[in-house]
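Values below: every heavy atom of this structure, side chains too, minus hydrogens, waters and symmetry copies.
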Amino acid sequence: MSILYAVFPLAALAALIVTSVAYARKRAASGNPLTASSWGWMLPSAAVLAFLAAWGLMGLLEGTFALAAIPASCAVIALCGAVCLRRDSVWSWVDGRPEGVRRASRIVLPILIVVLSFLCIEVPFNGRMPFGGPSYFWLEMLLVGLLQLALYFLGQRHAALCGLGVGFCLFVGIAQHFVKRFKNAAILPTDLLVLNTAAAVGKEYVFSFTEQAMAGFAVAALAICALSLVRPPVKKAQGAKVARPVALNLGASVLCTGLLAFCVLVPSYMGLLGVQMKYWYSIDYYQMQGFFPSFIAVLQDMPIRKPEGYSNEEAERITKSYADEYRASAKDDPSHQAAARQFDEVKPSVIVVMNESFADLSIYDGMHAGYEGPQFFKNGLNDSLLRGTLNVTVHGAGTCNTEFEFLTGNALGFIGAGKYPYSIYDLSRVDALAAEFKGWGYKTCAIHPNHASNWNRDKIYPAMGFDQFLSIDDFGGMARMSVDRVTPNDPHCEVFHSGVSDIETYNRMLQMLEEDSSPQFFFDVTMANHGSYNQNNIPEEYQTNYYPTDFEGDETPERLNEYLACIQKSDDDLKEFITKLRELDRPVVLVFFGDHQPSVSAAYNDYWYTDEPEDVHARRAFSSDYVIWANYDVAGHEKTDKNDETSVDLLAAITLDIIGAPVSTYQAAQLGVRESILSLSSSGYKGADGQWYAPDAQSDYATTYRDLSYMEYLNFATKL
């Protein structure tokens, strides 16, 4: 990015203004001044150039090929403005052509407008055009065409309102441009329900325009230019006779709107039309199939599907059967009985740390740069109770979904991986871990040093049984949200990268443990490692220098190193926390895991690992790490470095089982199921034989997987 790029839109704007004024004077001198509508059609191009110039002066225009792409886009926008100003001259030229040319123009112009409106959506983010299936190309064209027709007739066959359609299409394309860059994901319908959260975390990102975004503005200018050439209807009626054509146009607009609604709501996009979606690769499917066909397919997939053959009675029988199987086994296990007696006696406090974006990227062959991962986490916790790979359902963002899976034990694979339960469901009747601990006499506290309203946590946490919620206001307020907003000698608390450091949340929990001898349950969602990773605010002592070899993708090593520096700081903070817990004179259990990998890892996964099954490829990116540790000897369990792969929805039940805490019927059933199914993901499950299977695969565990879907539907969907 460079402020020098601002010269291109500034020059284009100056050229447009100078030529427009000169042309206006020439027309005025000839006695044929420009009309207000001609000036009106030119203004969008001037406004876009002024906007891009302002963006450029802030250093927010970028591109590898800027010397070609940026000036070319600006030149197209300026040229379109000039053509809009001369639209009556274009009409005169067309009128002078043969009848065949005039007829062709009346056919080509509307098609061109629809195509350009459609490209306003796809060009800013879609690097895979043309799409994989031409049917979806025409499907999106149909939707955009009906939208523009509805606006055209609503405007009484004047094209001005269609400009709003172009603006809407461009807005969607630019929004998806940024979501792709920040999260490497597609915009899902549920994202629209959490715009306040997006606005809050968006302050940490840099909203710069690349060549693709610039091209999108140029395409929008072309669309406006084409609209300016649509001739308004000739007035033939006056007085009362005007009502009939007005009514006909409004009727046509209603008809087009109805057809648009029909096309969105009635046909099954995934069934009848064959639109596909795998939420792990949402952006890929949006690029292959088009934004709107994919978005609508996801929208139609929002309701939780009842499993085939499901009934509450059968689900209850299955849940009880697996729970009884687990409890019978636990009753005969001396180790488990010893842990249960110990738990009843000592009531250890339980701390759960869900560390923002914490992951060991050394799984990518050391990032082809000799990276060995967070050393304390990997080598300093050999006295843990259990640890291993943790399969998650989100990548780059969507922290709340990992929270939901852990706190409720429900897997997003059965609910819908593209959904955000925190935002779309009433969870007041859903069983949650905090409510369990509260029922055992524990004090419960949730911590997240960011806005309390993000992902509706201010409402969700109390509904889940948390007595207390410490948000950013409890860590110094807005001054703690970003390093660049902190005064040099501010004494309140340490910040790092995107906000309050991990150790500050840890110290707060230690303080609460020291001040109150009651058993306590904490759920700490950290903030410091949150994106973006181009903030350039890493202290010198934490800066890393890993430069992947044989990589030519879009991801930059600077962003990678900023992320790795965050992980180094988190690793150091974890070491300090563990040291203090070892010295604490009361029993504490710690569950530590990362909510998802950072967005930067996707580019390396896609570039380096191309010749492998899709599910294997996805699981690498949709994985994190966890550890269960205690500062006391848990009866019946030796402290080892045992590695056990699992998924977030099972982690709470596994933890309770290890420390001897009581488990609900559903959690007991989960533990019973785990004899056959070790881990879940959005694309399937891992059987006891160590193999992964698709949900519909014919395996020895297919019946168990179906049983699990029944159990979860009963445990979650029936309580909404």
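- For Q375, the CD atom counts as densely surrounded, since its 6.0 Å shell holds more than 12 non-hydrogen atoms of other residues, nucleotides or ligands.
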Going through the distances and angles, do D301 and K419 end up as a salt bridge (charged side-chain N to carboxylate O under 4.0 Å, His left out)? CA-CA 9 Å; D301 193 43; K419 302 170 186 174; 5.4 Å; no
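- Remark: the S362 side chain and the E372 side chain contain no N/O donor-acceptor pair separated by less than 3.5 Å.
- At a cut-off of 3.5 Å, with distance as the only test, no side-chain donor of Q597 or S357 sits close to an acceptor on the other residue.
- Side-chain contact between E140 and E122 is present, with at least one heavy-atom pair separated by less than 4.5 Å.
- Relative ring orientation between Y609 and Y364 is described as tilted, the plane-to-plane angle lying within the 30° to 60° band.
- Residue D554 qualifies as open at atom CG: its count of foreign heavy atoms under 6.0 Å is 12 or below.
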D615 and S683: side chain to side chain donor-acceptor pair (under 3.5 Å), yes or no, with the steps? CA-CA 7 Å; D615 60 333; S683 65; 5.8 Å; no
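- Between F593 and F406, the ring planes lie tilted relative to each other; the angle falls in the 30° to 60° range.
- F295 and Y285 have their aromatic ring centers separated by at least 6.0 angstrom.
- Looking at K180, its side chain does come within 3.5 Å of a backbone N or O of F125 through a donor-acceptor pair.
- Distance alone, capped at 3.5 Å, places no donor-acceptor pair between the H617 side chain and the E612 backbone.
- Side-chain contact check for Q543 versus N561: every heavy-atom pair is 4.5 Å or farther apart.
- Checked against the 6.0 Å centroid threshold, F592 and Y626 do not count as a close aromatic pair.
- Side chains of V591 and V627 form no contact here, defined as non-hydrogen atoms less than 4.5 Å apart.
- Taking each heavy atom of S532 and Y205 in turn, the nearest pair found is CB-CD2, 3.1 Å.
- Under the 6.0 Å distance and 45° angle rule, R387 counts as a cation-pi partner of F377.
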Decide yes or no on side chain to side chain donor-acceptor pair (under 3.5 Å) for Q568 and T544, but give the supporting numbers first. CA-CA 9 Å; Q568 179 60 52; T544 60; over 6 Å; no
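- Under a 3.5 Å cut-off, the side chain of T646 and the backbone N or O of L651 do not form any donor-acceptor pair.
- In this structure, Y546 has its ring center under 6.0 Å from that of Y371.
- One N or O on the side chain of N456 and one on the backbone of Y422 form a donor-acceptor pair closer than 3.5 Å.
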Go through the steps for W455 and Y420 under the test ring pair (Phe, Tyr, Trp, His ring centres under 6.0 Å), then give the verdict. CA-CA 9 Å; W455 296 118; Y420 299 127; 5.0 Å; yes
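- Less than 6.0 angstrom separates the ring centroid of H497 from the ring centroid of Y533.
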Please assess S453 against D458 for the test side chain to side chain donor-acceptor pair (under 3.5 Å), listing each intermediate value before the final yes or no. CA-CA 5 Å; S453 59; D458 55 343; 5.4 Å; no
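- At a threshold of 4.0 Å, the pair E62-R181 counts as salt-bridged, since one of the basic side-chain nitrogens sits closer than that to a carboxylate oxygen.
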side-chain contact (heavy atoms from CB on, under 4.5 Å) between V166 and C120: does it pass, once the steps are laid out? CA-CA 7 Å; V166 172; C120 285; 4.1 Å; yes
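- With respect to the salt-bridge test (charged N to carboxylate O, under 4.0 angstrom), the residues E494 and K569 qualify.
- Ring-plane geometry between F137 and F118 is classed as perpendicular, the angle between the planes exceeding 60 degrees on a 0 to 90 degree scale with a lower cut at 30.
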Test side-chain contact (heavy atoms from CB on, under 4.5 Å) on F496 and D502; report intermediate values, then the result. CA-CA 8 Å; F496 189 87; D502 296 353; over 6 Å; no
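- Test L407, T408, T402 against F404 for side-chain contact (heavy atoms from CB on, under 4.5 Å) and you get one pass: T408.
- With E562 contributing its side chain and Q535 its backbone, the two residues share a donor-acceptor pair below 3.5 Å.
- Using a 4.5 Å cut-off on side-chain heavy atoms (C-beta onward), T526 and V353 make contact.
- Salt bridge status for K378 with D571: absent, with no side-chain N to carboxylate O gap under 4.0 Å.
- Between H395 and F622, the two ring planes are tilted [angle within 30° to 60°].
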